[in-house]
Amino acid sequence: MAEGLGKPYGQLKPVCGIGPTGGVISLLAYGLVVWAQAHGNLATVAALRETSILIAALIATLLFRERFGRLRLTAGAVVLAGITVLELARP
């Protein structure tokens with residue numbers, strides 16, 4: 001059956017496990033966040049979760065050589081300000 005699908009299938013075959021693997025990892029990560037929110041301080045968990053945006057921007061800049069322009073810098077500052085507010089709002 002795979003032979004009848006032609007060349008595109010042959011190109012996908014070496015990487016066909018990446019999608020399901022990524023899906024399982026994403027599901028586990030979401031489950032971990034839900035568990036942490038149920039068992040920990042919600043503000044701290046939310047602040048930690050939002051740092052992923054900054055980490056992704058750093059990865060994009062360092063590994064993929066994307067520009068870290070004014071817009072990204074402003075967005076990062078807004079995220080950091082939000083994290084600070086969440087942390088300072090704790091009783």
Side-chain angles (χ1 to χ4, degrees):
M1 182 172 165
E3 293 80 29
L5 295 175
K7 189 174 180 179
Y9 178 78
Q11 292 173 341
L12 289 175
K13 193 173 181 181
V15 295
C16 66
I18 292 174
T21 302
V24 168
I25 291 171
S26 179
L27 182 64
L28 290 173
Y30 183 72
L32 183 62
V33 168
V34 170
W35 179 86
Q37 288 177 339
H39 291 84
N41 183 347
L42 187 57
T44 303
V45 173
L48 184 61
R49 186 172 175 214
E50 295 308 317
T51 60
S52 66
I53 295 169
L54 300 175
I55 293 168
L58 287 174
I59 289 172
T61 302
L62 298 174
L63 293 181
F64 300 124
R65 306 207 193 291
E66 290 186 12
R67 286 182 14 147
F68 200 87
R70 225 177 305 162
L71 182 61
R72 193 170 282 175
L73 189 62
T74 303
V78 170
V79 170
L80 281 175
I83 292 169
T84 303
V85 168
L86 284 172
E87 284 299 307
L88 292 176
R90 287 195 304 173

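This structure is a prediction, so every number in the text was calculated from the model and none was measured.
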Evaluate whether atom CG of Leu62 has more than 12 neighbouring non-hydrogen atoms of other residues, nucleotides or ligands under 6.0 angstrom away.
yes

Mind listing the closest non-hydrogen atom pair of Arg72 and Glu66 along with its distance?
NH2-OE1, 3.0 Å

Do any side-chain atoms of residues 43-54 form donor-acceptor pairs under 3.5 angstrom with protein atoms, and if so which ones, sequence neighbours left out?
residue, atom, partner, partner atom, Å
Thr44, OG1, Arg90, NH1, 3.0
Thr51, OG1, Leu48, O, 2.5
Ser52, OG, Arg49, O, 2.9

Is the side chain of Ser26 donor-acceptor paired with the backbone N or O of Gly22 at a distance under 3.5 Å, no angle test?
no

If two hydrophobic side chains count as joined below 4.5 Å and joins carry through other members, does Leu27 share a cluster with Val34?
no

How would you list all residue pairs meeting ring-ring contact (aromatic ring centres under 6.0 Å, His included) that involve residues 11-41, not counting sequence neighbours?
Trp35-His39

